[in-house]
Amino acid sequence: MTNATVEPAEATRLRNKVVDELCADGNISSPGVEAVMRKVPRHAFIPDTPLDKAYDTYVAVITKTDEHGVQLSSVSAPQIQAMMLEQARVKPGMRVLEIGSGGLNAAYLAELVGPAGEVITVDIDPSVTDRASRLLEEHGYDKVRVLTADAAEPLPVEEVDVVLVTAGAWDIAPAWIAQLKQGGRLVVPLRMRGLTRSVAFTQVTGEHGPYLESESARICGFVPMQGSTAHREELLLVNGTPEIGLKFDDGLPADPHRLDNAVTFPRHELWTGVVIGLSELIDTLQMAMAISLPGFCTMAVDEGLDTGLVAPVNKRFSLAAVEDDTFAYLVTRRTEDNKRIEYGVHALGPNAKQLADKVANTLRDWEANRRGGPSPVIRVYPAGTPDDQIPSDRVIDKVYSRISLSWPSA
């Protein structure tokens with residue numbers, strides 16, 4: 001569907017290199033996704049970006065920020081786009097609704113559905129949809145419908161086979177589910193307790209009614225959703241200063257002031273003996289903490305105000321937990337052979353040893369029972385569904401839905 005404009009040979013070479021890498025690492029597994037990612041000129045949809053940046057396999061291109069530098073819109077990394085296209089399983093003749101526009105992904109989808117299918121792409125920001133419309137038309141994808149709307153609200157669109165959300169979502173809007181045909185698929189970057197996973201859901205009819213159940217869930221990162229379903233994490237400043245911030249995705253602890261004196265206690269440090277490879281995926285470890293620890297959160301340290309009260313390896317993001325008047329966070333160190341990483345726990349507060357032990361036991365349980373195994377099953381039920389109708393190891397309450405996380409039975 002692309003037009004006949006001759007592109008530089010370097011762009012073709014870089015695009016094929018990206019696809020070769022994605023095939024090799026398993027992010028591309030189907031001939032259809034491979035073909036469209038080789039065909040569509042990615043750089044043409046990011047016209048002001050140098051070719052080497054446009055064709056960085058694992059890095060997104062930011063296309064819009066606000067006055068504070070907060071990212072509002074981006075073109076996802078090729079790795080993320082390939083991963084989500086594989087999860088969506090788009091076939092010729094399908095009707096697909098993309099939520100979160102930009103143009104490039106809609107072009108991929110248009111190639112996948114073919115002339116008998118239909119693609120509708122929606123964004124709340126008119127500057128984004130104007131840009132997407134122009135780029136799609138310029139490159140021969142003028143049959144893609146581009147709508148400017150808050151896609152959390154009902155859209156004037158017929159039922160679709162696939163809803164593909166390309167902005168970070170904290171909740172599942174009922175309109176997305178209502179838009180799906182029976183048996184349709186919803187692929188969405190869903191944030192759960194501060195952790196984002198690209199989840200491919202299918203509709204299931206249970207004893208008490210329909211719900212969504214995950215088929216796959218992959219680590220990802222996305223610009224957050226705008227509009228009526230936008231949601232911000234809540235920040236708890238430990239000791240009343242911006243030096244140490246604990247971020248909670250689903251509400252602050254009942255009495256956050258109980259942490260006011262935590263940093264006046266000596267830091268308790270514990271090494272767990274849990275060791276991983278340098279490139280080993282830790283998605284299930286993160287989920288084990290999110291499921292097992294009621295006070296799970298993430299920690300960030302302001303580097304300009306850092307006095308050394310805490311010593312995380314990554315000052316911008318550390319897995320953490322709070323229990324009453326004490327908080328703890330994960331740290332790592334290289335093993336003696338420099339080939340692996342060991343996890344440790346630092347805790348501060350009157351009950352530092354007890355909380356450090358609890359976090360360490362969560363890691364050891366992961367190592368014994370979850371490491372290398374499947375991710376939790378994620379289910380989405382309507383808000384108000386009773387607990388006894390939701391099988392789960394952890395239920396996360398949102399505005400429109402209740403998210404269930406359950407480890408698969410052995």
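Only heavy atoms go into these numbers, but all of them, side chains included; no hydrogens, no water, no symmetry mates.
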Beyond-backbone contact of D283 with R197, side-chain heavy atoms, under 4.5 angstrom: yes

Interatomic distance, D393 atom CG to M287 atom CE [nearest 0.5 angstrom]: 10.5 Å

Within-4.5 Å side-chain heavy-atom neighbours: Q203 and P210: no

S404 (side chain) donor-acceptor with P391 (main chain) under 3.5 angstrom: yes

Candidates D250, D387, D171 - the one meeting salt bridge (Lys or Arg N to Asp or Glu O under 4.0 Å) with R402: D387

R38 and D20, any side-chain heavy atoms less than 4.5 Å apart: yes

Considering all heavy atoms, the nearest A356-L270 contact: O-CD2, 3.7 Å

Check: D365 side chain, N361 main-chain N or O, donor-acceptor pair, under 3.5 Å: no

Minimum-distance pair of heavy atoms, taken over all atoms of I80 and C220: CD1-CB, 3.7 Å

From R145 atom CZ to E98 atom CD, the distance as rounded to the nearest 0.5 Å: 14.0 Å

Over 12 foreign heavy atoms within 6.0 Å of CZ, R316: no

Donor-acceptor under 3.5 Å (T272 side chain, Y343 main chain): yes

Presence of salt bridge, D302 and K315, under 4.0 angstrom: no

Straight-line distance of H43 NE2 to L51 CG, nearest 0.5 Å: 6.0 Å

Point-to-point distance, once rounded to the nearest 0.5 Å, from NZ of K358 to CG of N351: 9.5 Å

Any donor-acceptor pair under 3.5 Å from E342 side chain to G273 backbone: yes

Residues T326, D324; criterion side-chain contact (heavy atoms from CB on, under 4.5 Å); working and verdict: CA-CA 6 Å; T326 301; D324 298 324; over 6 Å; no

S29 side chain vs G26 backbone, donor-acceptor pair below 3.5 Å: no

Side-chain (R333) to main-chain (G344) donor-acceptor, under 3.5 angstrom: no

Expected output: side-chain T166 to main-chain I99 donor-acceptor under 3.5 Å: yes

Student check: side-chain heavy atoms of V40 and Y141 closer than 4.5 Å: yes

Polar side-chain atom of E153 near backbone of A175 as donor-acceptor pair, under 3.5 Å: no

Closest non-hydrogen atom pair, V163 against W176: CG2-O, 3.9 Å

Within 6.0 Å of NZ in K17, more than 12 heavy atoms from elsewhere: no

Spacing of L305 atom CG and I244 atom CD1 [to the nearest 0.5 Å]: 10.5 Å

Verdict with reasoning, V274 to R364, per side-chain contact (heavy atoms from CB on, under 4.5 Å): CA-CA 6 Å; V274 175; R364 291 170 183 142; 3.9 Å; yes

The single option from L190, L180, V187 passing side chain to side chain contact (heavy atoms under 4.5 Å, CB included) against F201: L190

Whether F45 and H139 hold their rings parallel, tilted or perpendicular, with breakpoints at 30° and 60°: tilted

P78 to T57 - nearest heavy-atom pair and separation: CD-O, 3.3 Å

Derivation of the side-chain contact (heavy atoms from CB on, under 4.5 Å) call for R89 and E215: CA-CA 12 Å; R89 299 186 187 177; E215 283 192 352; 3.4 Å; yes

Test item: H346 and V310 side chains (from C-beta on) under 4.5 Å apart, heavy atoms: no

Close side-chain approach of E323 to Q354, heavy-atom, < 4.5 Å: no

For the student: nearest non-hydrogen atoms of L195 and Q286, plus distance: CD1-O, 3.5 Å

Flag side-chain contact, heavy atom, 4.5 Å: H208 against Y381: no

Flag for N261-D325: side-chain donor and acceptor within less than 3.5 Å: no

Expected output: side-chain Y329 to main-chain A311 donor-acceptor under 3.5 Å: yes

Verdict with reasoning, W407 to N369, per side-chain contact (heavy atoms from CB on, under 4.5 Å): CA-CA 10 Å; W407 292 111; N369 300 306; over 6 Å; no

Short side-chain donor-acceptor distance under 3.5 Å, R218 and Q79: no

T129 side chain vs P126 backbone, donor-acceptor pair below 3.5 Å: yes

Residues E10 and R13 bridged, charged N to O under 4.0 Å: yes

Within-4.5 Å side-chain heavy-atom neighbours: M299 and V238: no

Nearest atoms (heavy-atom pairs only) where V157 meets Q179: O-NE2, 2.7 Å

Spacing of K39 atom NZ and R15 atom CZ [to the nearest 0.5 Å]: 11.0 Å

